[in-house]
4 protein chains.
Amino acid sequence: MTTTSTNSGRPESGGGEPAARRRGRGSSAAASERREHLVRLAAELFAEKGFQATTVRNIADEAGILSGSLYHHFDSKESIVDEILSGFFEEIMTRYREVIDRGEDPRTTIAGLVRIAFGTLEPHRAAITVMQNDWNYLKGMERFAYLTKSEDEVEKMWVDTIKAGQEQELFRADVDPKLTYRMIRDTVWVAVRWFKPGGRLNAQGLADHYLKVMFDGINTH
Amino acid sequence: MTTTSTNSGRPESGGGEPAARRRGRGSSAAASERREHLVRLAAELFAEKGFQATTVRNIADEAGILSGSLYHHFDSKESIVDEILSGFFEEIMTRYREVIDRGEDPRTTIAGLVRIAFGTLEPHRAAITVMQNDWNYLKGMERFAYLTKSEDEVEKMWVDTIKAGQEQELFRADVDPKLTYRMIRDTVWVAVRWFKPGGRLNAQGLADHYLKVMFDGINTH
Amino acid sequence: MTTTSTNSGRPESGGGEPAARRRGRGSSAAASERREHLVRLAAELFAEKGFQATTVRNIADEAGILSGSLYHHFDSKESIVDEILSGFFEEIMTRYREVIDRGEDPRTTIAGLVRIAFGTLEPHRAAITVMQNDWNYLKGMERFAYLTKSEDEVEKMWVDTIKAGQEQELFRADVDPKLTYRMIRDTVWVAVRWFKPGGRLNAQGLADHYLKVMFDGINTH
Amino acid sequence: MTTTSTNSGRPESGGGEPAARRRGRGSSAAASERREHLVRLAAELFAEKGFQATTVRNIADEAGILSGSLYHHFDSKESIVDEILSGFFEEIMTRYREVIDRGEDPRTTIAGLVRIAFGTLEPHRAAITVMQNDWNYLKGMERFAYLTKSEDEVEKMWVDTIKAGQEQELFRADVDPKLTYRMIRDTVWVAVRWFKPGGRLNAQGLADHYLKVMFDGINTH
DNA sequence: TATGAATGAGCCTTCATTCAT
DNA sequence: AATGAATGAAGGCTCATTCAT
């Protein structure tokens, strides 16, 4: 275990690491459950209305408590969103790394990354929505510097894979790797705005459709 | 002249139409210039920090006046953003319609639409950024119902064109027109987040790159 | 108990009924006391300077708190005056109905109504003052539609009694019932402007004097 | 002539006398006409919504000019209402004095005063409405000290007449003169709230009705 | 753990008034 | 006589946060 906080369960303010790494793991199960329940409620609201537009009162109302009571569980509104975002980032990066580490051919790797990305749309809808809507606001705060750092790491994974694909002549040489990465990334995340779980297509259907277009284009050949 | 208000230049409250259509056209050139200058300043700030996070004080400070003085020109913060967005929507829809009305083959038409879209990235950077970041917030207000309406009209243009392309066997039959439209749309607009005029690629370079990928995919064939 | 809000004590917004009926009854005694204290302070100020001319800052200052803190207890300035007015209306209508329901002769009934009206001058000074000074402003707001409705019901009580008195030849047939009611009503309420408790005449002395003039005139006979 | 202003037509700010006495009489007829037109517009609005609730912009809008332009005619919003009120007070006091000076018997004199008072309801509707609704606000300003002074003079006229009537055994000895005056006064002025010119009863009808009740009561005898 | 009361800073907006043109 | 732009003070209200109980 990397971190052991004596002050179990209660987050310290500030800190340069994501909330998830800062959270005590020794806290009582009940407290942790309550906490996670609150995070889930908050996530739902953030996804619906954005981080800034959601008030702590909204969250408290949803939980049936008073807004001040939230501060027993979290030291600020930011720390809630931090928890949501860091959870998301931790998971996606772990999964990205797994794919990369399999060392398959670039086409398969890219397909794997795309599928993972689309796959987070449903379980991490809130985090992605916040990223989409409030990124500008959050990225300015040093607390969330780790977001940018993770982003950079992710970019490197994709760009390297694309470049490898070009070297192996799997991908066309005349597409710009960085540009292509950005377009893929944005296209995936932005889908959170209209993607409704349980609709015509599930997330993997979306991924398949996207891969089809991305690999072969919409033209008939 | 379509509209001549006796009360020209003075903002009227309410109204179900976009701001641009509601504005008096008879106002003196000087007044109009001042107003447009303020709109530009506001747009810049909205793009930088988001609509909600930008205060009227921010805007007034930027203009070197007091916040209350803004209300000589606009009747609310909303009406400023309305002006920004409606200007953008009016232009893009006019230009979209021109391309559609040329009645060229679907491939050419889609290429035209994509080029127009990318072409707005620079002149309408602020409007597009606001759309991206604050859409969720704005779409809830009936004042901005026209945004959704315009969006629907635009979607129809694209989807119809894609379908026509499929019927003429220019586009693959196994891509979903609506899904494809959404992905194109999102990919274009979201580029506003990282697109810097004067960078490596200009907007038309971006468009060309994107068309390449979209039509033929990134695979080598 | 007629109303039991799970959310007791917290002000809900909106609603088409008077504030008193909307208030949670289950709130703790302490909370209710604080709240009523604030209402009394506000009432005093409204009576002194008028509703519009009294700022929430004035009220808060009087209470020794900050203006924003008032919003912990009330959801708007209007809801405070609502509470004041609805309390007054509820009481006076209950008492009017009691007199009417006693079914005595019209002369006794009218005398009873007049005594009740004058009797409210002291305990409900603030509410009556607000009614006098700010009626025009308040009646325009749909929140206060119940004022007009109550007024109509009251008018009916008086007018019916006067008419009954005329039929029994207790009152002259050549006075207009509605006109007479209005004059009585206004004369009573407007007295709030100069009536000082503890002065030469108390409220019941006023009532007696007024009944004397109203019933028999100022002429010697 | 008591006052000769070199700055004809333009009121000086401040001053202990009513506006009417302060106004220059040598001003050009056209200017004076425009000015009076504006006063009439303002009066209408004050009567409708109250003095405080009427903004200078409301007045300017009604006149078809910008709010700042009003300050060419008046040096403040107060000076407009001053003009309205002082006009009313000058007229009513002049007419009251005429009646008093006729030296008729108290019963006739009181009847005359009542008729004059009701007679102002229509031509001075605005002034009376302002008096009713905004008295509390205005009386606190030294500019309007003359209102209180005039009020006192008027009260003396009425009270003296009532007392004379009692000495001549025309009026009952057991009514309080001051109280009776106040009730008459309030009953008349407050009628402005519901009195509609052109309704069932005109102002003189109202006066007659009131005199009937006041002199002989509503009882049958 | 939660409540209830309060803080303090800031928000959007209004409005009487001023003044150069 | 009027415009158009601006001022400056204030107004009602919101919201994240604190803290004694």
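Lettering follows sequence order; numbering is per chain, from 1.
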Checking all strands, does [X] fall into the base, sugar-phosphate, or nothing category for heavy-atom contacts under 4.0 angstrom?
X     : answer
C/S69 : base
C/S76 : sugar-phosphate
C/I65 : sugar-phosphate
C/R57 : base

Mind calculating the distance between [atom1] ([X]) and [atom2] ([N]) to the nearest angstrom?
X     : N      : atom1 : atom2 : answer
B/Y71 : E/dC11 : OH    : P     : 11 Å
A/N58 : F/dT14 : CG    : C1'   : 12 Å
B/I59 : E/dC11 : CD1   : P     : 11 Å
A/H72 : F/dT18 : NE2   : P     : 12 Å
C/H73 : E/dT3  : NE2   : C1'   : 13 Å
D/L70 : F/dA2  : CG    : P     : 9 Å
D/K77 : F/dA9  : NZ    : C1'   : 15 Å
A/L66 : F/dT18 : CG    : C1'   : 14 Å

key: Contacts of type side-chain hydrogen bond (donor to acceptor under 3.5 Å, both in side chains), residue A/Q52, not counting sequence neighbours   = A/D134
inquiry  = Restricting to side-chain hydrogen bond (donor to acceptor under 3.5 Å, both in side chains), what partner residues turn up for D/K49, sequence neighbours left out?
reply    = D/N58
query = Can a side chain N or O of C/R35 be found less than 4.0 Å away from OP1 or OP2 on E/dA5?
reply = no
key: B/I84 vs B/V39 side-chain heavy atoms within contact, under 4.5 Å   =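 B/I84 reaches B/V39 side chain to side chain.
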ask   = Given side chains that start at C-beta, do those of B/F46 and B/N133 come closer than 4.5 Å, heavy atoms only?
value = no
ask   = Hey, which of these two, C/G64 or D/T55, hits DNA chain E nearer its 5' end, going by closest nucleotide?
value =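 So the residue in question is C/G64.
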task = With DNA chain E as reference, determine whether C/G68 or B/G68 sits nearer its 5' end, using the nearest nucleotide of each.
result =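 Mapping each residue to its closest nucleotide by heavy atoms, the 5'-most match is C/G68.
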D/L147 backbone acceptor or donor facing D/K139 side chain under 3.5 Å = no
query = Just by modelled atom types, is the D/H73 backbone N or O under 3.5 Å from a matching donor or acceptor in the D/R35 side chain?
reply =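 The answer is yes, because a donor-acceptor pair under 3.5 Å joins these two groups.
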request  = Give the nucleotide from the list E/dC12, F/dC13, E/dT17 with an atom nearest to the side chain of B/V56.
outcome  =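 The listed nucleotide nearest to B/V56's side chain is E/dC12.
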Verdict with supporting geometry, A/R57 and A/D61, side chain to side chain contact (heavy atoms under 4.5 Å, CB included) = CA-CA 6 Å; A/R57 195 131 61 210; A/D61 282 356; 4.0 Å; yes
note = In DNA chain F, stems of three or more consecutive pairs, Watson-Crick or G-U, each with both distances under 3.5 Å, turn out to be E:2-21 with F:2-21
message = Contact list please: residues 43-51 of chain C against DNA chain E, heavy atoms, distance less than 4.0 Å, in numerical order.
response = none
task = Rounded to the nearest 0.5 Å, what's the gap from CG on C/L70 to CG on C/D75? Could you check?
result =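 CG of C/D75 is found 12.0 Å from CG of C/L70.
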note = Note: for B/L38 and C/Q52 on DNA chain F, the residue whose nearest nucleotide lies more 5' is B/L38
request  = Could you tell me which residues satisfy salt bridge (Lys or Arg N to Asp or Glu O under 4.0 Å) with D/E48, sequence neighbours excluded, listed by chain and number?
outcome  = none
ask   = Which residues satisfy the salt bridge (Lys or Arg N to Asp or Glu O under 4.0 Å) test with A/E62, sequence neighbours excluded?
value =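 For A/E62 there are no salt bridge (Lys or Arg N to Asp or Glu O under 4.0 Å) partners, ignoring immediate neighbours.
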